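Beneath this line is the structure, given in structure tokens, with notes to follow.
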Amino acid sequence: MSPEPAIRLRALTRRFGGIIAVRDVDLDVAQGERRAVLGPNGAGKTTLFNLVAGDYRPSAGSVELFGRDVTRMPAHRRVACGLTRTYQRSNLFAGLTVRETVYLALMGAEPRHFALRRRPDDERRRGSAGDALIERVGLEGRAGALVGEISHGEQRQLELAVALAGDPKLIMLDEPAAGLAPGERQLLTELLLGLERDITVVLIEHDMDVALSVADSVTMMHDGSVVIEGTPEEIRASELVQALYLGSDHV
Ligand code: ATP
């Protein structure tokens with residue numbers, strides 16, 4: 001029997017007043033898959049993420065994570081299903097160092113993080129786990145730098161370290177390459193390609209090069225609906241995708 005998909009959406013719909021931001025979406029993402037979600041502005045990509053992560057409740061339809069129906073489960077409990085996500089806008093603290101940020105993320109991911117006494121063993125363990133994470137995202141040498149002083153690309157690397165601190169089974173990244181210089185984009189692509197295959201990765205990405213190099217498969221949204229799903233090659237060759245990205249009216 002094949003394992004349950006990491007994400008299974010059925011007839012998922014979300015309305016905001018008269019706007020249907022996500023319309024009757026069926027979607028399966030297999031465990032270990034790298035899936036890119038593409039689409040022009042306003043297509044419904046971020047709303048779809050918010051529905052999967054539990055930041056929004058659907059108007060209709062269902063969300064399953066690893067075979068478990070989480071449609072009515074609040075966002076913080078979906079984290080226990082192995083889900084973590086990043087946002088379009090960074091939510092890092094500028095006044096902390098890289099090392100402190102990762103340390104706090106590790107602490108926050110532990111079940112017992114309200115312990116009143118400081119335990120030197122725990123601190124050492126987090127310290128070395130933190131150093132390993134910092135190295136994993138290519139930030140060694142920047143551990144003592146303040147978040148507000150590292151580059152935009154380095155902040156994105158740090159966000160990935162924060163996401164990995166919770167040992168997730170599913171990472172959802174909202175436009176990880178937005179605003180990055182070409183060299184930074186290349187580095188981020190390599191980091192994403194280097195993630196262990198037991199982590200499922202779903203990303204919204206406007207940069208086609210990043211999206212199509214990282215993804216095994218692509219879901220294209222338009223006007224709240226899924227309009228095409230395929231391999232990166234199929235997406236590259238699709239006239240519909242080109243029309244949507246060129247803003248043609250003939251779709
Ligand atoms: P972008 O690429 O610009 O981030 P997107 O594909 O992520 O776009 P969404 O942000 O999901 O698109 O928006 C889909 C539609 O839903 C848009 O028409 C948007 O204006 C509307 N929408 C999204 N969130 C809300 C909200 N909280 N209240 C009202 N309308 C919303």
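Predicted, not measured: the structure shown is a model, and the values here were computed from it. Order of listing sets the numbers, starting from 1, for every ligand and every atom in it.
- At a threshold of 4.0 Å, the pair E229-R35 counts as salt-bridged, since one of the basic side-chain nitrogens sits closer than that to a carboxylate oxygen.
- Looking only at heavy atoms of the protein, atom 8 (O) of ligand 1 is closest to G42 N, 2.8 Å.
- Counting protein heavy atoms only, atom 10 (O) of ligand 1 is closest to T46 CB, 3.9 Å.
- Nearest protein heavy-atom contact of atom 16 (O) of ligand 1 is A21 CB, 3.2 Å.
- Nearest protein heavy-atom contact of atom 13 (O) of ligand 1 is T47 OG1, 3.9 Å.
- Looking at I199 and L164, their side chains come closer than 4.5 Å, going by heavy atoms from C-beta outward.
- Nearest protein heavy-atom neighbour of atom 20 (O) of ligand 1: I19 CD1, 4.7 Å.
- Taking atom 2 (O) of ligand 1 as the reference point, the nearest protein heavy-atom neighbour is K45 NZ, 2.8 Å.
- Among Y56, F16, F49, the residue whose heavy atom lies nearest to atom 28 (N) of ligand 1 is F16.
- With respect to the salt-bridge test (charged N to carboxylate O, under 4.0 angstrom), the residues R10 and D69 do not qualify.
- Polar contact with ligand 1: present for G44 (N/O pair, distance under 3.5 Å).
- With ligand atoms numbered from 1 in the order given, ligand 1 contributes 5 (P), 6 (O), 12 (O) to contacts under 4.0 Å with heavy atoms of A43.
- Contact check on D207 versus R185 returns a salt bridge, with a Lys/Arg side-chain nitrogen under 4.0 Å from an Asp/Glu carboxylate oxygen.
- The protein atom (non-hydrogen) at minimum distance from atom 4 (O) of ligand 1 is Q88 NE2, 3.4 Å.
- Both M73 and V52 sit in one connected hydrophobic cluster of ILVMFWY residues. Membership requires side-chain heavy atoms under 4.5 Å apart, directly or through other members.
- With respect to R8 and D28, a salt bridge is recorded, a charged nitrogen being found less than 4.0 Å from a carboxylate O.
- Annotation for ligand 1: atoms under 4.0 Å from non-hydrogen atoms of H206 are 2 (O).
- Neither the backbone nor the side chain of M221 has a heavy atom within less than 4.0 Å of ligand 1.
- With N50 as the partner, the side chain to side chain donor-acceptor pair (under 3.5 Å) test is satisfied by one option alone out of K45, R85, R14: R85.
- Closest to atom 3 (O) of ligand 1, if we only count protein heavy atoms, is N41 OD1, 3.2 Å.
- Contact check on E154 versus R142 returns a salt bridge, with a Lys/Arg side-chain nitrogen under 4.0 Å from an Asp/Glu carboxylate oxygen.
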